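Note that the structure is predicted; figures quoted are calculated from it, not measured. A note on names: the letters A, B, ... follow the listed sequences, proteins ahead of strands, and every chain is numbered from 1. Any value given below was found using the heavy atoms of this structure, including those in side chains, with hydrogens, waters and symmetry copies removed.
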Protein chains: 2
Amino acid sequence: MDILNNLESKNISKGIILLHQGENCSVAYKVLKGCLRSYVIDKSGKEHILQFAPEGWFISDMDSFFNNKPSNTFIDTIEDSKVLLITKQELGSFEKLDKETLIEQNERLFRNLISTNKRLINLLSSTAEERYIDFIETYPTLLHRLPLKLIASYLGMTPEYLSEVRRKLAKK
Amino acid sequence: MDILNNLESKNISKGIILLHQGENCSVAYKVLKGCLRSYVIDKSGKEHILQFAPEGWFISDMDSFFNNKPSNTFIDTIEDSKVLLITKQELGSFEKLDKETLIEQNERLFRNLISTNKRLINLLSSTAEERYIDFIETYPTLLHRLPLKLIASYLGMTPEYLSEVRRKLAKK
DNA sequence: GATAAAAATTAAGGTATCTTAAGAAATTAC
DNA sequence: GTAATTTCTTAAGATACCTTAATTTTTATC
């Protein structure tokens with residue numbers, strides 16, 4: 001995807017909100033350094049993390065980006081980060097993409113879908129403890145890099161309960 | 001996607017398992033009549049439904065189909081159904097697809113991803129009652145067509161609890 | 001290196017949802 | 001149209017997970 005070669009990179013310090021819920025998302029980010037996340041805030045004010053994007057990952061509100069709708073999600077930096085910005089003009093519509101780019105896009109969507117589905121199965125069928133163990137095995141480096149309260153949010157439990165889960169596991 | 005025009009259709013009566021967990025999935029189904037579902041069975045023997053596929057929908061274990069792996073899911077008919085079978089030979093690899101088909105595939109993956117993400121957010125941030133209400137609004141026809149115990153499974157709750165949720169809603 | 005801020009833990013009490021089991025209602029089969 | 005099967009509901013007791021709030025530990029700031 002040689003589009004990416006021409007883009008400028010941007011440094012963003014930790015804690016900056018790049019996209020607000022309700023805004024139209026006009027950019028996708030490719031993370032070169034650091035880590036971003038996307039999340040929603042529910043009616044009772046609680047945050048729920050949809051995705052972590054460390055080095056090499058893309059992050060965006062795809063529905064908002066491609067379909068020009070107000071986004072459901074927030075995106076912010078959870079570490080000092082360096083990102084590439086991909087705007088809609090640069091990416092263009094599906095129709096304008098060349099075949100190679102379409103295939104890459106296809107594969108990316110595909111991998112994303114498989115992992116989202118795996119996470120869905122996890123939420124439907126596993127306990128908090130099982131989900132935590134699975135996270136450790138799937139993202140061992142993130143575990144030591146991110147605050148546990150963010151991991152708890154990603155896993156769909158409170159930090160207090162994750163703490164209890166970890167204590168029980170340590171005893172074993 | 002003119003591939004589909006040449007395929008033969010097949011009638012399958014209710015309750016037939018078309019794909020077992022662990023098998024390699026060599027076919028994708030397009031549903032012409034009736035309804036299929038995909039589901040997993042967890043360690044404790046409970047079923048969790050990932051997808052309903054009524055008329056017009058595609059269903060398959062994509063990870064197994066495209067990556068030639070044992071499937072994580074079961075697929076079966078939940079009504080007497082008529083389906084088109086799409087085999088790997090017919091679809092071919094990504095590389096061999098023409099541009100138009102790639103774009104369609106892209107859009108399908110894309111829509112799928114957006115709805116899977118919506119469901120994920122729902123599971124992370126909504127109560128059982130909220131999820132049920134959302135289901136009614138999103139799939140009003142399925143509600144009257146499918147047994148409630150299947151809907152409960154899709155929504156991530158027990159049929160007994162769904163029953164309680166419905167009773168409480170009826171009182172309002 | 002002291003102070004402030006953020007993250008993690010602990011514990012008590014509460015609530016949403018599950019489990020089990022039984023009965024009622026609806027559907028299917030003969 | 002009766003029996004058999006499946007689905008749906010009800011209710012009591014159990015449990016996973018949450019809430020709140022206080023304490024400890026770690027990290028960031030000057």
Side-chain angles (χ1 to χ4, degrees), chain A residues 13-16 34-35 37 39 41-49 52 76-81 122-136 142-172, chain B residues 13-16 34-35 37 39 41-49 52 76-81 122-136 142-172:
Chain A
S13 56
K14 178 178 170 176
I16 306 292
C35 193
R37 65 164 177 166
Y39 61 102
I41 298 187
D42 69 22
K43 303 130 211 158
S44 62
K46 268 165 274 169
E47 288 180 5
H48 305 277
I49 296 179
F52 293 120
D76 70 6
T77 46
I78 53 182
E79 296 177 350
D80 291 342
S81 301
N122 246 304
L123 277 176
L124 286 171
S125 66
S126 301
T127 63
E129 176 175 312
E130 290 165 338
R131 277 178 273 142
Y132 172 66
I133 292 172
D134 186 72
F135 184 89
I136 297 177
L142 287 185
L143 176 65
H144 301 294
R145 178 172 168 179
L146 302 178
L148 287 172
K149 64 171 196 168
L150 295 186
I151 293 173
S153 165
Y154 179 86
L155 292 175
M157 65 188 85
T158 60
E160 293 83 359
Y161 193 62
L162 176 54
S163 207
E164 192 179 329
V165 164
R166 283 162 53 83
R167 176 162 29 108
K168 278 180 193 154
L169 280 174
K171 278 188 196 155
K172 291 184 181 171
Chain B
S13 57
K14 177 177 170 175
I16 306 291
C35 193
R37 65 165 175 164
Y39 60 103
I41 299 187
D42 70 22
K43 301 129 213 164
S44 61
K46 268 165 274 169
E47 288 180 4
H48 304 277
I49 296 180
F52 294 120
D76 69 7
T77 46
I78 54 183
E79 297 177 350
D80 292 341
S81 303
N122 246 305
L123 278 175
L124 285 172
S125 66
S126 301
T127 63
E129 177 175 312
E130 289 166 336
R131 277 177 273 142
Y132 173 66
I133 292 173
D134 186 72
F135 185 90
I136 298 176
L142 287 185
L143 176 67
H144 302 293
R145 178 171 169 180
L146 303 178
L148 287 172
K149 64 170 196 169
L150 296 186
I151 293 173
S153 166
Y154 178 87
L155 292 175
M157 65 188 86
T158 61
E160 293 84 0
Y161 193 63
L162 175 54
S163 206
E164 193 178 329
V165 164
R166 283 161 53 83
R167 177 163 25 111
K168 278 180 194 155
L169 280 174
K171 278 187 196 157
K172 292 184 181 171

*Asks:* What distance do A:Leu169 atom CG and A:Ile133 atom CD1 have between them, rounded to the nearest 0.5 Å?
*Replies:* 5.0 Å

*Asks:* Starting at CG of A:Leu146 and ending at C1' of C:dA8, how long is that distance when rounded to a whole Å?
*Replies:* 15 Å

*Asks:* Output the rounded distance in Å from CD (A:Glu129) to C1' (D:dT15).
*Replies:* 14 Å

*Asks:* From the list C:dA11, D:dT9, C:dT17, which nucleotide is the closest neighbour of the side chain of B:Ser163?
*Replies:* D:dT9

*Asks:* Specify the separation, in whole Å, of atom CG of A:Leu123 and atom P of D:dC17.
*Replies:* 11 Å

*Asks:* Using a 4.0 Å heavy-atom cut-off across all strands, classify B:Gly156 as base, sugar-phosphate, or nothing.
*Replies:* sugar-phosphate

*Asks:* Starting at CD of A:Glu79 and ending at C1' of C:dA6, how long is that distance when rounded to a whole Å?
*Replies:* 16 Å

*Asks:* Are OP1 or OP2 of D:dC18 and a side-chain N or O of A:Thr158 less than 4.0 angstrom apart?
*Replies:* yes

*Asks:* Measuring to OP1 and OP2 of D:dT9, would you say a side-chain N or O of B:Lys149 lies under 4.0 angstrom away?
*Replies:* no

*Asks:* Out of A:Ile49, A:Leu146, A:Thr77, which one pairs with A:Arg37 under the side-chain contact (heavy atoms from CB on, under 4.5 Å) rule?
*Replies:* A:Ile49

*Asks:* What is the distance, to the nearest angstrom, from the CG atom on A:Leu162 to the P atom on D:dC17?
*Replies:* 12 Å

*Asks:* Heavy-atom nearest nucleotide on DNA chain C for B:Val165 versus A:Leu150: which residue maps closer to 5'?
*Replies:* A:Leu150

*Asks:* Would you mind reading off the distance between B:Glu130 atom CD and C:dT17 atom C1', rounded to a whole angstrom?
*Replies:* 14 Å

*Asks:* Between D:dA11, C:dA7, D:dC17, which nucleotide gets closest to the side-chain atoms of B:Glu160?
*Replies:* D:dA11

*Asks:* Would you give the length of the straight line joining atom CD of A:Glu129 to atom CZ of A:Arg166, rounded to the nearest 0.5 angstrom?
*Replies:* 12.5 Å

*Asks:* Rounded to the nearest 0.5 Å, what's the gap from CD on B:Glu47 to OG on A:Ser125? Could you check?
*Replies:* 12.5 Å

*Asks:* Would you mind reading off the distance between A:Arg167 atom CZ and D:dT24 atom P, rounded to a whole angstrom?
*Replies:* 15 Å

*Asks:* Report which part of the nucleic acid A:Lys46 touches: base, sugar-phosphate, or nothing (heavy-atom distance under 4.0 Å, all strands).
*Replies:* sugar-phosphate

*Asks:* Whole angstrom is fine here: how far is it from NZ in B:Lys168 over to C1' in D:dA11?
*Replies:* 13 Å

*Asks:* For B:Lys14 and B:Tyr161, find the nucleotide of DNA chain D closest to each by heavy atoms; which residue's nucleotide sits nearer the 5' end?
*Replies:* B:Lys14

*Asks:* What's the separation between atom CG in B:Leu123 and atom CG in B:Leu155, rounded to the nearest 0.5 Å?
*Replies:* 8.5 Å

*Asks:* Consider the side chain of B:Leu148, meaning its heavy atoms from C-beta on, and name the nucleotide among D:dT9, C:dT10, C:dA7 that approaches it most closely.
*Replies:* D:dT9

*Asks:* Nearest to the side chain of A:Arg166 - C:dT17, D:dT9, C:dT9?
*Replies:* C:dT9

*Asks:* Do the side-chain N or O atoms of B:Arg131 get closer than 4.0 angstrom to the phosphate oxygens (OP1, OP2) of C:dA16?
*Replies:* no

